[in-house]
Amino acid sequence: VSRLLQDLLGDVCQPFYYEALGLKPTMATRTAQKQLNKIQHKQHGTYREQRCNSPWVALFIWAVLQNRKEMSILFWEMAGESVLSALSACKILRELSKLESEADSKHTMKQLAQRFENLANGVFGECYKSSESRSFKLLIRKSPLWGGATCLQMATAADARLFFSHHGVQSLLSQIWWGDMERSTEVWKLILAFLIPPLICTNLISFRSVFSYCSAKLRV
């Protein structure tokens, strides 16, 4: 399962279940595979006696891999990390649909993937209405349940265009792009500063004050 999730999710998050198997997340794939083969040959592995730290997430992943619509949505509601979990399911299902040969199963997977993207978009929309600063933090926060991945990283990997079209996501991306510069800076000033770099040291481009910069950091 760990190898399958790694193939489906790619480098977006750290490998799953490595800690339970006694493997390091930074271990090379081939080395980890050799260790896994040794563990599988053992009749009684110590990992079988360990309790799962996040059973709802494990059940959610299982339901998504099995393409169980109602069950996966039920476990999604219980798993926590609602936005990131929904985006992760979207990514997994879209990758699985590429490997599916049957047209009906492929269509079902794509529909369920879109359903989870809609859920992620809806939950984030409610968070954004409640608190803009906390919703920004939600997008860039690394989740321990999903191997240190963030919502932005998973949305990029899942090609979640509907999610990226949300006003809150666009606002954060604009904030990241502008950095310390004032967002009211005219485009011609940016082009001129790009062509003549010494102009950056002048007052041509205005930057946010230290007070406003610190206030923005504290809000996020």
Side-chain angles (χ1 to χ4, degrees), residues 1 4-6 8-17 52-98 105-178 216-220:
V1 177
L4 176 61
L5 290 174
Q6 190 173 0
L8 295 174
L9 295 174
D11 298 331
V12 180
C13 53
Q14 295 178 353
F16 283 77
Y17 311 125
C52 181
N53 295 327
S54 50
W56 289 114
V57 174
L59 289 171
F60 172 65
I61 292 174
W62 171 82
V64 170
L65 291 174
Q66 295 294 323
N67 197 22
R68 303 286 185 87
K69 181 179 178 181
E70 292 80 6
M71 195 173 291
S72 61
I73 293 176
L74 172 63
F75 290 145
W76 169 75
E77 294 175 351
M78 305 297 295
E81 298 280 358
S82 300
V83 177
L84 182 55
S85 295
L87 291 172
S88 301
C90 179
K91 166 65 174 174
I92 292 172
L93 288 164
R94 283 177 177 164
E95 291 297 326
L96 286 174
S97 66
K98 297 176 184 177
S105 298
K106 183 189 289 286
H107 181 66
T108 304
M109 287 178 179
K110 288 182 178 180
Q111 278 189 327
L112 187 56
Q114 189 59 50
R115 174 72 184 278
F116 274 113
E117 184 179 353
N118 293 340
L119 288 171
N121 191 59
V123 173
F124 178 75
E126 293 299 322
C127 294
Y128 185 70
K129 290 178 183 178
S130 176
S131 174
E132 182 177 335
S133 59
R134 289 185 179 182
S135 65
F136 288 166
K137 187 175 181 181
L138 173 67
L139 291 175
I140 59 176
R141 174 182 174 272
K142 293 185 177 181
S143 169
L145 295 179
W146 290 96
T150 66
C151 289
L152 282 182
Q153 290 173 336
M154 194 63 73
T156 303
D159 193 22
R161 299 181 184 182
L162 175 65
F163 185 78
F164 273 114
S165 66
H166 192 281
H167 176 68
V169 181
Q170 290 293 320
S171 297
L172 178 63
L173 293 176
S174 298
Q175 210 175 86
I176 294 172
W177 192 89
W178 283 99
K217 286 290 184 181
L218 289 173
R219 285 199 302 270
V220 174

Quick one: pull up [atom1] in [X] and [atom2] in [Y] and give me the separation to the nearest 0.5 Å.
{"X": "K137", "Y": "S133", "atom1": "NZ", "atom2": "OG", "result": "9.0 Å"}
{"X": "S131", "Y": "F136", "atom1": "OG", "atom2": "CZ", "result": "9.5 Å"}
{"X": "E95", "Y": "K91", "atom1": "CD", "atom2": "NZ", "result": "3.5 Å"}

Determine whether more than 12 heavy atoms belonging to other residues, nucleotides or ligands lie under 6.0 Å from atom NZ of K69.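 Incorrect, the count does not exceed 12.
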Does the side chain of [Y] come within less than 4.5 Å of [X]'s, by heavy atoms?
{"X": "H167", "Y": "S171", "result": "yes"}
{"X": "L96", "Y": "N67", "result": "no"}
{"X": "S105", "Y": "T108", "result": "no"}
{"X": "L9", "Y": "I92", "result": "yes"}
{"X": "V169", "Y": "L152", "result": "yes"}

Using atom types as modelled and distance alone, determine if a side-chain donor or acceptor of R94 lies under 3.5 Å from a backbone N or O of A158.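 Yes; judged by distance alone, with no hydrogens or angles, the pair exists.
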Treating E117 as the side-chain partner and L87 as the backbone partner, does any N or O pair qualify as donor plus acceptor under 3.5 Å?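 Side chain of E117 to backbone of L87, a donor-acceptor pair under 3.5 Å: no, none is there.
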Under the side chain to side chain contact (heavy atoms under 4.5 Å, CB included) test, which residues partner [X], sequence neighbours left out?
{"X": "E77", "value": "I73, L74"}
{"X": "S85", "value": "F60, W76, E81, W146"}
{"X": "Q66", "value": "W62, R68"}

Using ring-ring contact (aromatic ring centres under 6.0 Å, His included) as the criterion, list what pairs up with F75, not counting sequence neighbours.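 Expected list: W56.
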Got a sec, which residues hit ring-ring contact (aromatic ring centres under 6.0 Å, His included) with F163, two or more places apart in sequence or on another chain?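 ring-ring contact (aromatic ring centres under 6.0 Å, His included) list for F163, sorted by chain: F124.
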Considering non-hydrogen atoms only, spot the tightest contact between [X] and [Y] and give its length.
{"X": "T150", "Y": "L139", "answer": "CB-O, 3.6 Å"}
{"X": "S88", "Y": "M154", "answer": "OG-CE, 3.3 Å"}
{"X": "A113", "Y": "C90", "answer": "O-SG, 3.5 Å"}
{"X": "A149", "Y": "L84", "answer": "O-CD2, 3.6 Å"}
{"X": "M71", "Y": "A63", "answer": "C-CB, 4.1 Å"}

Among V64, V57, L59, which residue satisfies the side chain to side chain contact (heavy atoms under 4.5 Å, CB included) criterion with I61?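 For I61, the side chain to side chain contact (heavy atoms under 4.5 Å, CB included) check succeeds only for V57.
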Residue pairs, two or more places apart or on separate chains, that pass side chain to side chain donor-acceptor pair (under 3.5 Å) and touch residues 118-130: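 Sorted result for residues 118-130: Q114-N118.
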